Chemist: 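My questions all concern the structure below.
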Protein chains: 2
Amino acid sequence: MARKRFDDSNCSVARALNEVGDWWSLLIVLQAMYGTRRYVDFQQELGIAKNILCDRLSRLVDNEVLAKVNVGEHGARYEYRLTDKGRDLFPVVIALRQWGDKWNPAPNGSALDLRDRATGRPIGQMHVSDADGKPLTVRDVFLPEPADDAG
Amino acid sequence: MARKRFDDSNCSVARALNEVGDWWSLLIVLQAMYGTRRYVDFQQELGIAKNILCDRLSRLVDNEVLAKVNVGEHGARYEYRLTDKGRDLFPVVIALRQWGDKWNPAPNGSALDLRDRATGRPIGQMHVSDADGKPLTVRDVFLPEPADDAG
DNA sequence: AAATAGGGTTGCGTTACGAAACCGAATTGG
DNA sequence: CCAATTCGGTTTCGTAACGCAACCCTATTT
C-alpha cells in the first residue's frame, strides 16, 4: 500500500509535510540556504545517494520550492535555486535549528551562531506571538481542530 | 542498507529531523497540541496504522518529546503527554502551518485562525528576526557551514 | 585520445510503511 | 456472573522507499 499522502488534507501542517516532510527535503532546502546550487555539491555535502537526490530535487522543483535553471554556456549545466516559496521555509528551518540546539546540543559543543550579516549581531530566538509581539505558548492559543481528516 | 540517521551530525537541523523528521511524528505532536492524549484517539484522529503509531509514540517517548503516563485506576491506562521539549516544538509547527497556509491553501478555502485564548486576537506571522525584532531574510543572515558532515 | 566532471538512470538488496488479523487485560452492560 | 467491547498493543505479510554501486551520455579538460 502506498505511503500515506496528504495532498487533500484539511490541515496545512499535513500538506506542508507532504512537500518537505521526509528525511531529506528540508536538509536540501537548508543546504540551498547555505548557498549550494549544484547537483554534485548537494550530493557531496549531504552525502545523499544520487537517485534519492534526483528524486527529491525533482519533487522540490515540482512543488516550486526550488527552480531548476540551465546555466550552461554550451551544453547543459543546471542550478537548483530557492524560489520565494523555498525561501519562505526560512522560519521553519530556523525554528527547527533552535529546537535542535536547545534540546539536542551538538556533541562537540559548538553552539548556534547565526548572525545578521549587516550588523554582526546574533539572531533572536523564534517564538509564536500575538499581533503585538507578546509571546504565546501552546496553552495560550486556541487551536481549532481540522474538520475531519488527518492532522 | 539502513536509512540514514543523523544522531551524531554536527548540524542541529539534522539532529532535529532525526527525532521528528518523518511523516508522522510532527503530526502526532500537533495532535497532542490539540489536546489528544490517548492511544486510540491518536489512532482514530490521524488515521494512522496501529503499529506505526506504536513505533512513533515509543520513539517520541524515548526522545522525551512525549511522556507516557499510566493513569489507570485499577489496571493500566496510558496517556501520552507533551513534555517541555515537545511543547517547544510549537514554533516549528506554527511556522510549518503558516507556510502551508500561504503556499498551499486549503482546497476548501478555510483559513488559518489561531487565536490568543485570552484576548481572542489572531496570532502573528512568524519571522526570523534580530535581537531587536527586525525581520531578517535568508539573505540577511550569515549561515556558518557545519564542519564536515550532512546538513 | 584519454581522463574527468556533471547529471543523471538502472538493478538490486534491505528497510520502513500500511492494512488487517490477532491478543490479553480491563471495562461495561445486562 | 458472563458476554461484548475497549484499550494498548504485537504479528504477519505485501508493497513502497531507501541506499549503494554500477552504468551511461554529454561536455570539458589535459
Side-chain angles (χ1 to χ4, degrees), chain A residues 1-7 9 14 17-28 31-32 36-63 66-81 149-151, chain B residues 1-7 9 14 17-28 31-32 36-63 66-81 149-151:
Chain A
M1 180 84 1
R3 166 171 272 165
K4 212 152 207 168
R5 288 273 154 73
F6 302 102
D7 315 274
S9 171
L17 288 175
N18 209 33
E19 299 192 353
V20 294
D22 68 299
W23 292 91
W24 283 114
S25 296
L26 258 192
L27 287 178
I28 292 173
Q31 198 66 42
T36 301
R37 297 179 163 193
R38 305 294 293 271
Y39 176 90
V40 286
D41 295 331
F42 282 111
Q43 209 246 308
Q44 289 180 6
E45 286 159 17
L46 290 173
I48 183 176
K50 297 173 77 172
N51 50 349
I52 306 298
L53 178 59
C54 280
D55 179 75
R56 291 303 178 279
L57 284 175
S58 58
R59 210 138 61 81
L60 288 169
V61 169
D62 286 347
N63 290 329
L66 296 177
K68 184 175 184 175
V69 183
N70 190 338
V71 295
E73 294 280 321
H74 312 293
R77 283 291 180 276
Y78 300 106
E79 281 189 2
Y80 295 88
R81 299 180 187 167
D149 53 357
Chain B
M1 180 85 1
R3 163 172 274 166
K4 211 153 209 168
R5 288 273 152 75
F6 303 103
D7 315 274
S9 170
L17 289 174
N18 210 33
E19 297 191 354
V20 294
D22 67 300
W23 291 93
W24 284 114
S25 296
L26 259 191
L27 288 178
I28 291 173
Q31 198 65 43
T36 301
R37 295 179 165 195
R38 305 293 293 271
Y39 176 91
V40 285
D41 295 332
F42 282 111
Q43 209 247 309
Q44 289 180 5
E45 286 159 16
L46 289 172
I48 183 176
K50 297 173 79 174
N51 52 348
I52 306 298
L53 178 59
C54 280
D55 180 76
R56 292 303 179 279
L57 285 175
S58 58
R59 210 136 63 79
L60 288 169
V61 169
D62 286 346
N63 290 329
L66 296 179
K68 182 175 183 175
V69 183
N70 191 338
V71 295
E73 294 280 322
H74 311 294
R77 280 294 179 274
Y78 300 106
E79 282 189 1
Y80 295 89
R81 299 180 187 167
D149 52 356

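Everything numeric in this text was worked out from a predicted model, so none of it was measured. Letters go in sequence order (proteins before strands), and every chain restarts at 1.
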Chemist: Under the rule for side chain to side chain contact (heavy atoms under 4.5 Å, CB included), what residues qualify as partners of A:V40, not counting sequence neighbours?
Modeler: A:R38

Chemist: Between B:L46 (CG) and D:dG8 (C1'), how many Å, whole number?
Modeler: 16 Å

Chemist: Report the distance from atom CG of B:L46 to atom CD1 of B:I28, rounding to the nearest 0.5 Å.
Modeler: 6.5 Å

Chemist: List in chain and number order the residues that pass salt bridge (Lys or Arg N to Asp or Glu O under 4.0 Å) with A:D55, two or more places apart in sequence or in another chain; answer none if no residue qualifies.
Modeler: A:R59

Chemist: Could you list the residues that satisfy side chain to side chain contact (heavy atoms under 4.5 Å, CB included) with B:N70, not counting sequence neighbours?
Modeler: B:A76, B:Y78

Chemist: Which value, rounded to the nearest 0.5 Å, describes the distance between A:I52 atom CD1 and A:L57 atom CG?
Modeler: 11.5 Å

Chemist: Within this structure, what is the CD1-to-P distance between A:I28 and D:dC18, rounded to whole angstrom?
Modeler: 11 Å

Chemist: Kindly give the heavy-atom pair with the smallest separation between B:A32 and B:F42, and that separation in Å.
Modeler: N-CE2, 3.8 Å

Chemist: State, to the nearest 10°, the angle formed by the axis through the first five base pairs of the helix from C:dA1-D:dT30 to C:dG30-D:dC1 and the axis through its last five.
Modeler: 10°

Chemist: Round to the nearest Å and state the distance from B:I52 atom CD1 to D:dT15 atom P.
Modeler: 17 Å

Chemist: Send over the distance from B:Q43 CD to D:dT10 P, rounded to a whole Å.
Modeler: 14 Å

Chemist: Taking B:Q43 for its side chain and B:I48 for its backbone only, find out whether a donor-acceptor pair lies under 3.5 Å.
Modeler: yes

Chemist: For A:D55 and D:dA17, give me the distance from atom CG to atom C1', rounded to whole Å.
Modeler: 9 Å

Chemist: To the nearest Å, how far apart are B:I48 CD1 and C:dA16 C1'?
Modeler: 13 Å

Chemist: How many angstroms lie between atom CG of A:L26 and atom CD of A:Q31, to the nearest 0.5 angstrom?
Modeler: 12.5 Å

Chemist: Would you please confirm or rule out a distance under 4.0 Å between OP1 or OP2 of C:dA16 and any side-chain N or O of B:W24?
Modeler: no

Chemist: Could you go through nucleotides 7-9 of chain C and list every protein N or O atom that sits under 3.5 Å from one of its N or O atoms, giving the distance for each pair?
Modeler:
residue, atom, partner, partner atom, Å
C:dG7, OP1, A:Y78, N, 2.9
C:dG7, OP1, A:Y78, O, 3.1
C:dG8, OP1, A:K68, NZ, 3.0
C:dG8, OP2, A:K68, NZ, 3.4
C:dG8, OP2, A:Y80, OH, 2.3
C:dG8, N7, A:K50, NZ, 3.1
C:dG8, O6, A:K50, NZ, 2.7

Chemist: Nearest whole Å is fine: how far is D:dA16 C1' from A:D22 CG?
Modeler: 14 Å

Chemist: Using the test side chain to side chain donor-acceptor pair (under 3.5 Å), find all partners of B:R37 that sit at least two apart in sequence or belong to another chain.
Modeler: B:E79

Chemist: Just the rounded figure in Å: distance from C1' of C:dC17 to CG of B:L27.
Modeler: 15 Å

